[in-house]
Amino acid sequence: EDDPEVQTISKQIQDLVKEAEELGEEGKVDESQEIMKKADELRQQKVEVQAQAAIRRMPKEMASMVQNTSSNQKLRVCDICGAFLSIMDSDRRLADHFGGKLHLGYAKIRKRVNTIKENRRRKPATVPSDEP
């Protein structure tokens, strides 16, 4: 919803729905239905724009995938969560994957593990001594 194009489409949808409701209240049902068809088309366009925006916002390390070793399958393994992704997947499906709970959870865990490793590398752990 942060993408300006998505916001513009959302506003257009709201305006069309409002116009359709007003026409419906005036008894202009056919015109109202035509306006609602336009709103439905815009909703579909909004989904596509949201998918593209999600892909643009992805960090490069999340989007990078390695080729699966099996040559007869057209799958890739996600570097972050290990899920198999088809190389034929649509942008929307990939955006759904990268925005999914499992993938984001693994990304958060990996980031935290790297932070802990970095902290340990900078400051060695102190060993408690037995002497009081």
Side-chain angles (χ1 to χ4, degrees):
E1 289 288 328
D2 295 337
D3 189 71
E5 191 175 358
V6 172
Q7 290 176 350
T8 301
I9 293 172
S10 293
K11 176 73 171 121
Q12 290 173 341
I13 292 170
Q14 288 174 353
D15 293 345
L16 286 174
V17 169
K18 184 177 179 181
E19 183 181 347
E21 288 173 354
E22 290 171 359
L23 288 171
E25 289 172 2
E26 294 172 7
K28 300 177 182 176
V29 177
D30 292 337
E31 293 172 22
S32 175
Q33 288 177 341
E34 286 298 317
I35 300 282
M36 286 305 292
K37 283 182 188 176
K38 290 179 186 176
D40 288 339
E41 291 169 6
L42 277 177
R43 283 188 185 100
Q44 181 60 37
Q45 182 182 349
K46 179 181 172 184
V47 167
E48 292 168 9
V49 170
Q50 285 174 321
Q52 291 297 322
I55 290 171
R56 285 192 303 269
R57 286 192 310 266
M58 273 184 237
K60 295 214 183 299
E61 66 271 5
M62 292 174 83
S64 69
M65 295 177 277
V66 293
Q67 185 70 30
N68 188 12
T69 56
S70 175
S71 61
N72 62 351
Q73 294 181 355
K74 292 184 167 100
L75 296 175
R76 291 182 177 187
V77 178
C78 177
D79 283 343
I80 304 298
C81 67
F84 285 110
L85 301 171
S86 172
I87 61 172
M88 304 301 198
D89 278 344
S90 68
D91 290 345
R92 177 67 185 156
R93 187 167 170 88
L94 290 173
D96 287 344
H97 167 77
F98 290 117
K101 291 178 187 177
L102 182 84
H103 182 88
L104 292 175
Y106 270 98
K108 188 182 276 188
I109 290 168
R110 289 178 183 274
K111 184 177 179 182
R112 182 68 177 134
V113 166
N114 288 336
T115 302
I116 291 169
K117 284 180 181 178
E118 184 63 31
N119 288 343
R120 285 187 177 174
R121 198 173 316 134
R122 277 192 251 138
K123 183 175 114 180
T126 56
V127 179
S129 63
D130 292 337
E131 298 176 21

Decide yes or no on salt bridge (charged side-chain N to carboxylate O under 4.0 Å, His left out) for Arg43 and Asp40, but give the supporting numbers first. CA-CA 5 Å; Arg43 283 188 185 100; Asp40 288 339; 2.7 Å; yes

Salt bridge (charged side-chain N to carboxylate O under 4.0 Å, His left out) assessment of Glu34 paired with Lys38: CA-CA 7 Å; Glu34 286 298 317; Lys38 290 179 186 176; over 6 Å; no

Side chain to side chain contact (heavy atoms under 4.5 Å, CB included), that's the test. Do Gln33 and Met36 meet it? Break it down for me. CA-CA 5 Å; Gln33 288 177 341; Met36 286 305 292; 5.5 Å; no

Full working for side chain to side chain contact (heavy atoms under 4.5 Å, CB included) between Ser32 and Glu22: CA-CA 8 Å; Ser32 175; Glu22 290 171 359; over 6 Å; no

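For the pairing with Ile35, the side-chain contact (heavy atoms from CB on, under 4.5 Å) check across Glu19, Lys28, Glu21 returns one residue only, Glu19.
Here the straight-line distance linking atom CG of Asn119 with atom CG of Asn114 works out to 11.0 Å at 0.5 Å rounding. In this structure, Asp96 CG and Ser90 OG are separated by 7.5 Å, a value rounded to the nearest 0.5 Å. Atoms CG and CG, on Asp15 and Leu42 in that order, are 10.5 Å from each other to the nearest 0.5 Å. Here the NE2 atom belonging to His97 is positioned 3.5 Å from the SG atom belonging to Cys81, to the nearest 0.5 angstrom. The structure places NZ of Lys46 at 12.0 Å from CD of Glu5, a figure rounded to the nearest 0.5 Å.
Put simply, the side chain of Lys11 reaches to within 4.5 Å of the side chain of Gln14, judged on heavy atoms.
Taking a cutoff of 4.0 Å between a charged side-chain nitrogen and a carboxylate oxygen, Glu118 and Arg121 qualify as a salt bridge.
The two residues Ala39 and Val17 have their closest heavy-atom pair at CB-CG2, 4.3 Å. Residues Ile80 and Tyr106 share a closest heavy-atom pair of O-CB, 3.7 Å.
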